[in-house]
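Contents: one structure, followed by commentary.
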Number of protein chains: 2
Amino acid sequence: MFSKTCKYGIKATLFIAQKSQFDERVSLKEIASAIDSPVAFTAKILQLLAKENIISSRKGPKGGFEIDKVLLPKITIKQVVKAIDGDSLFNGCALGLYECNEKAPCPMHDNFVSIREQLSETLASSNLLEVAINLNLGLTVLKR
Amino acid sequence: MFSKTCKYGIKATLFIAQKSQFDERVSLKEIASAIDSPVAFTAKILQLLAKENIISSRKGPKGGFEIDKVLLPKITIKQVVKAIDGDSLFNGCALGLYECNEKAPCPMHDNFVSIREQLSETLASSNLLEVAINLNLGLTVLKR
DNA sequence: TTAATATCGGATAAAATTATCCGAAATATA
DNA sequence: TATATTTCGGATAATTTTATCCGATATTAA
Ligand code: SF4
Ligand code: SF4
């Protein structure tokens with residue numbers, strides 16, 4: 001469903017969100033350790049997310065990553081997914097066919113449309129604050 | 001959603017199904033040409049599908065691939081997907097988290113469960129005959 | 001101003017996926 | 001039986017994805 005890169009991205013974002021609730025900035029090392037991901041690869045992902053203005057970064061001592069507390073309830077999981085995996089998950093024929101006849105779609109078409117709408121809606125209506133709060137209950141879920 | 005390999009596999013299977021309706025056996029070349037896929041790579045996929053008893057193959061002149069006409073309404077798209085991509089699409093946390101707390105799931109959990117059930121159900125209730133018949137209306141869909 | 005810290009950004013490398021090549025094996029038919 | 005045809009199966013190659021390395025840049029604090 002989502003690429004490995006995207007899953008790291010989601011987990012990292014959720015971890016940062018958790019800390020940002022309490023105005024704590026976290027370093028690359030802390031993040032990678034918390035979500036059990038390769039440090040340097042995680043750095044690339046965080047860089048991308050920072051460029052997309054989903055997280056903000058700061059160099060130097062006491063630096064690290066954070067998310068503006070005010071934005072926590074405004075940033076959705078869908079934004080993270082789109083930033084990393086693009087929106088190919090939501091476009092085109094799920095079966096990989098071409099130029100399907102809209103007037104005589106295959107028996108699965110309507111179901112696929114509905115499934116993707118649900119997925120899109122689920123991701124779009126889940127903000128970082130809401131998800132992070134619920135994950136507080138069991139922090140270990142981010143780690144293997 | 002599905003790997004490239006899996007999409008080739010689905011398209012190839014549907015093309016064979018279309019021909020098998022009329023007891024026509026098709027060759028590797030015909031298939032690859034019809035679905036616009038790399039010949040040798042398609043051969044590997046067909047080999048796998050044959051091993052999984054989804055299609056049957058025959059060597060030599062007049063050889064090729066076919067599907068027992070009687071089985072056309074019994075073979076589902078889900079069987080094809082599982083043969084090629086396995087069932088990772090249906091298992092584990094969609095976000096890639098670990099050991100989620102079943103009693104206090106994240107806000108997306110129930111939605112993900114529902115989405116995957118729908119997907120699974122859609123694929124499992126679509127048989128080759130039904131889909132192939134509908135695709136007869138616009139054969140070009142298999143090709144770019 | 002200097003030194004220490006932490007992300008940035010470009011170059012590589014490893015691993016997984018996708019794609020190609022070619023001889024072997026099986027089959028039809030002449 | 002001999003030959004042409006077609007899939008099988010193993011080795012190899014190209015591409016994409018995932019992962020690592022390291023010097024440059026920015027920031028903090030002494
Ligand atoms: S009708 Fe079926 S094959 Fe065509 S785009 Fe929709 S899902 Fe794909
Ligand atoms: S609760 Fe959320 S995070 Fe946990 S398994 Fe379900 S979807 Fe994944």
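Convention: sequence-line order gives letters A, B, ...; per-chain numbering from 1.
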- Checking all strands, does A/Lys44 fall into the base, sugar-phosphate, or nothing category for heavy-atom contacts under 4.0 angstrom? base
- Task: Calculate, to the nearest 0.5 Å, the distance between atoms CD and CG belonging to A/Gln18 and A/Leu128 respectively.
- Result: 11.0 Å
- Message: Rounding to an integer number of Å, can you tell me how far B/Ile31 CD1 sits from D/dC8 P?
- Response: 10 Å
- Item | B/Ser57 vs D/dT6: side-chain N/O to OP1/OP2 distance below 4.0 Å | no
- Query: Would you say D/dT28 has OP1 or OP2 under 4.0 Å from some side-chain N or O of A/Arg58?
  - Reply: yes
- A/Glu30 has an atom CD; how far is it from atom C1' of C/dA6, in whole Å? 12 Å
- To the nearest angstrom, the CG-P distance between B/Asp85 and C/dT18 comes to 8 Å
- Within residues 46-56 of chain B: residues closer than 4.0 Å to DNA chain C (heavy atoms): none
- Do any N or O atoms from the side chain of B/Thr13 and from the backbone of B/Gly9 form a donor-acceptor pair under 3.5 angstrom? yes
- Item | side-chain N/O B/Tyr8 vs C/dA19 OP1/OP2, d < 4.0 Å | yes
- Query: A/Ile35 has an atom CD1; how far is it from atom P of D/dA19, in whole Å?
  - Reply: 11 Å
- By nearest nucleotide on DNA chain D, pick out whichever of A/Ala40 and A/Pro61 is the more 5' one. A/Ala40
- Separation of B/Asp36 atom CG from C/dA19 atom P, in whole Å? 11 Å
- Message: Strictly below 4.0 Å: does B/Lys4 bring a side-chain N or O up to OP1 or OP2 of C/dA19?
- Response: yes
- With nearest nucleotides of DNA chain D determined for A/Lys62 and A/Thr5 from heavy-atom distances, which residue corresponds to the more 5′ nucleotide? A/Thr5
- Query: Between CD1 of B/Ile115 and CD of A/Gln118, what distance do you get to the nearest 0.5 Å?
  - Reply: 5.0 Å
- Would you say the side-chain atoms of A/Asn127 pair up with the backbone N or O of A/Glu130, donor to acceptor, closer than 3.5 Å? yes
- Message: Could you tell me how far apart A/Lys59 (NZ) and D/dA26 (P) are, to the nearest whole angstrom?
- Response: 5 Å
- Message: Starting the side chain at C-beta, find the nucleotide from D/dT27, D/dT20, C/dT20 nearest to B/Phe41.
- Response: C/dT20
- Do A/Lys4's NZ or CZ and the ring of A/Phe41 fall within the cation-pi criteria of under 6.0 Å and 45°? no
- Message: Expressed as a whole number of angstroms, how long is the span from A/Glu66:CD to C/dA6:C1'?
- Response: 14 Å
- How far apart are the closest heavy atoms of B/Thr76 and B/Ala124, and which atoms are they? CG2-O, 3.1 Å
- Whole-Å distance separating the NZ atom of B/Lys29 from the P atom of C/dC21: 14 Å
- B/Lys11 NZ to B/Asp36 CG distance, which is reported to the nearest 0.5 Å: 7.0 Å
